[in-house]
Amino acid sequence: MREGHIVILTGAGVSAESGLGTFRDVGGLWTKYDFADVATPEGYARDPGLVLDFYNARRANCRGAEPNAAHAAIARLQREYQGRVTLVTQNIDDLHERGGSSGVIHMHGQILRALCAACGHQWGWAGAMALDDHCHSCAAVGTVRPDVVWFGEMPYHMEEIWARIADSDLFAAIGTSGSVYPAAGFVADARHRGARTLEINLEPSENAAVFDQRLLGPASETVPDWVAGLLGGSG
Ligand code: OAD
């Protein structure tokens, strides 16, 4: 196992201690907003200004947040582990990258990028987004949206992710409630293909029964401990 392939899936819980809200916990984003209004193509068609405002606030929060010890520990694992480490995240923030990770697979897109709904061009976007912004490729106006995957849209990089899971020896889900597919189905697939499965979360997730092993507690504590154990005990 020490030189096997570890596939890590992260969710909002890994960024919670950086001050970014989760979705389904008490006070989470989906307790304050109806996801159908702000995270679906239909919601965007109904009221694009509302959707841009929602993501403008999230982009500002993201830019004001700092990576925490869990992000740093995952980056350490990527640097020091002798085997292969794949990092897949459902998070649209850039805290894994700023915490030192590379090759992060953002299956739900990235808040610091824009997507043109007309031509499909994708590019970096750091500030607020407005209804009269134009595409940097086709110059269309009114088609610029955050490059995030909404409910009803196909997550990014799925073929690559399924291939990595098929090749994994250990699948670890960190800070995710296991309630949104296809990510929620990764653990069953990993297990079916013979990988060990580990959940690291504040509390047992909806998928808890499918995991072989569980570490409960705040990610800023559990993830550094787990990584230190994998790397041979040095903190
Ligand atoms: P959720 O909000 O559904 O779940 C967050 C999980 O993190 C919960 O199980 C919490 O118990 C756990 N958690 C909270 N604080 C933690 C901490 N400090 N340490 C460890 N765990 C902690 O968020 P996700 O599972 O990421 O998709 O949600 C998945 C997707 O649903 C998101 O990517 C987003 C959302 O709708 C889209 O918008 C398409």
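Note that ligands are numbered from 1 as they come in the structure, with each ligand's atoms numbered from 1 the same way.
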Mutual orientation of the aromatic rings belonging to [X] and [Y] [parallel < 30°, tilted 30-60°, perpendicular > 60°]:
X    : Y    : answer
F35  : F151 : tilted
F23  : W30  : tilted
H134 : H136 : tilted

Quick test: of every protein heavy atom, which one is nearest to [atom], and how far off is it to 0.1 Å?
atom                    : result
atom 17 (C) of ligand 1 : G13 O, 3.4 Å
atom 26 (O) of ligand 1 : A12 N, 2.8 Å
atom 28 (O) of ligand 1 : R24 NH1, 3.2 Å
atom 14 (C) of ligand 1 : D25 OD2, 3.4 Å
atom 21 (N) of ligand 1 : L202 N, 3.2 Å
atom 25 (O) of ligand 1 : T176 OG1, 2.7 Å
atom 9 (O) of ligand 1  : N201 ND2, 2.8 Å

Between D93 and R98, is there a side-chain N and carboxylate O pair less than 4.0 Å apart?
no
Would you mind running through ligand 1 and noting each atom that sits below 4.0 Å from a heavy atom of [X]?
X    : value
W30  : 35 (C), 36 (O)
E203 : 11 (O)
G175 : 5 (C), 6 (C), 7 (O), 21 (N)
A219 : 17 (C), 18 (N), 19 (N), 20 (C)
H108 : 27 (O), 32 (C), 33 (O)
A16  : 15 (N)

Check whether any N or O atom of [X], backbone or side chain, sits under 3.5 Å from an N or O atom of ligand 1, and answer yes or no.
X    : result
A39  : no
F23  : yes
S177 : yes
V149 : no
G11  : no
N91  : no

Relative to ligand 1, is [X] under 4.0 angstrom through side chain, backbone, both or neither, heavy atoms considered?
X    : result
Q90  : both
E17  : side chain
V180 : side chain

Pair F186 + W162: ring centers closer than 6.0 Å:
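Yes, ring centres under 6.0 Å apart.
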Is it true that [X] lies under 4.0 Å from ligand 1, counting heavy atoms only?
X    : result
G217 : yes
G28  : no
F35  : no
W150 : no

Picking from Q78, R79, E80, what satisfies side chain to side chain contact (heavy atoms under 4.5 Å, CB included) with V85?
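Option passing the side chain to side chain contact (heavy atoms under 4.5 Å, CB included) with V85: Q78.
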Could you tell me whether the side chain of [Y] reaches within less than 4.5 Å of the side chain of [X], counting heavy atoms only?
X    : Y    : value
F54  : L29  : yes
L231 : V227 : yes
S168 : T86  : no
D25  : E203 : yes

Would you say the side-chain atoms of D167 pair up with the backbone N or O of H5, donor to acceptor, closer than 3.5 Å?
no
Could you tell me whether the side chains of [X] and [Y] share a donor-acceptor contact shorter than 3.5 Å?
X    : Y    : value
T10  : Q90  : no
Q122 : D147 : yes
E206 : S177 : no

Say you draw a straight line from NE2 of H106 to CG of D94; how long is it, rounded to the nearest 0.5 Å?
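Interatomic distance, H106 NE2 to D94 CG, rounded to 0.5 Å: 7.5 Å.
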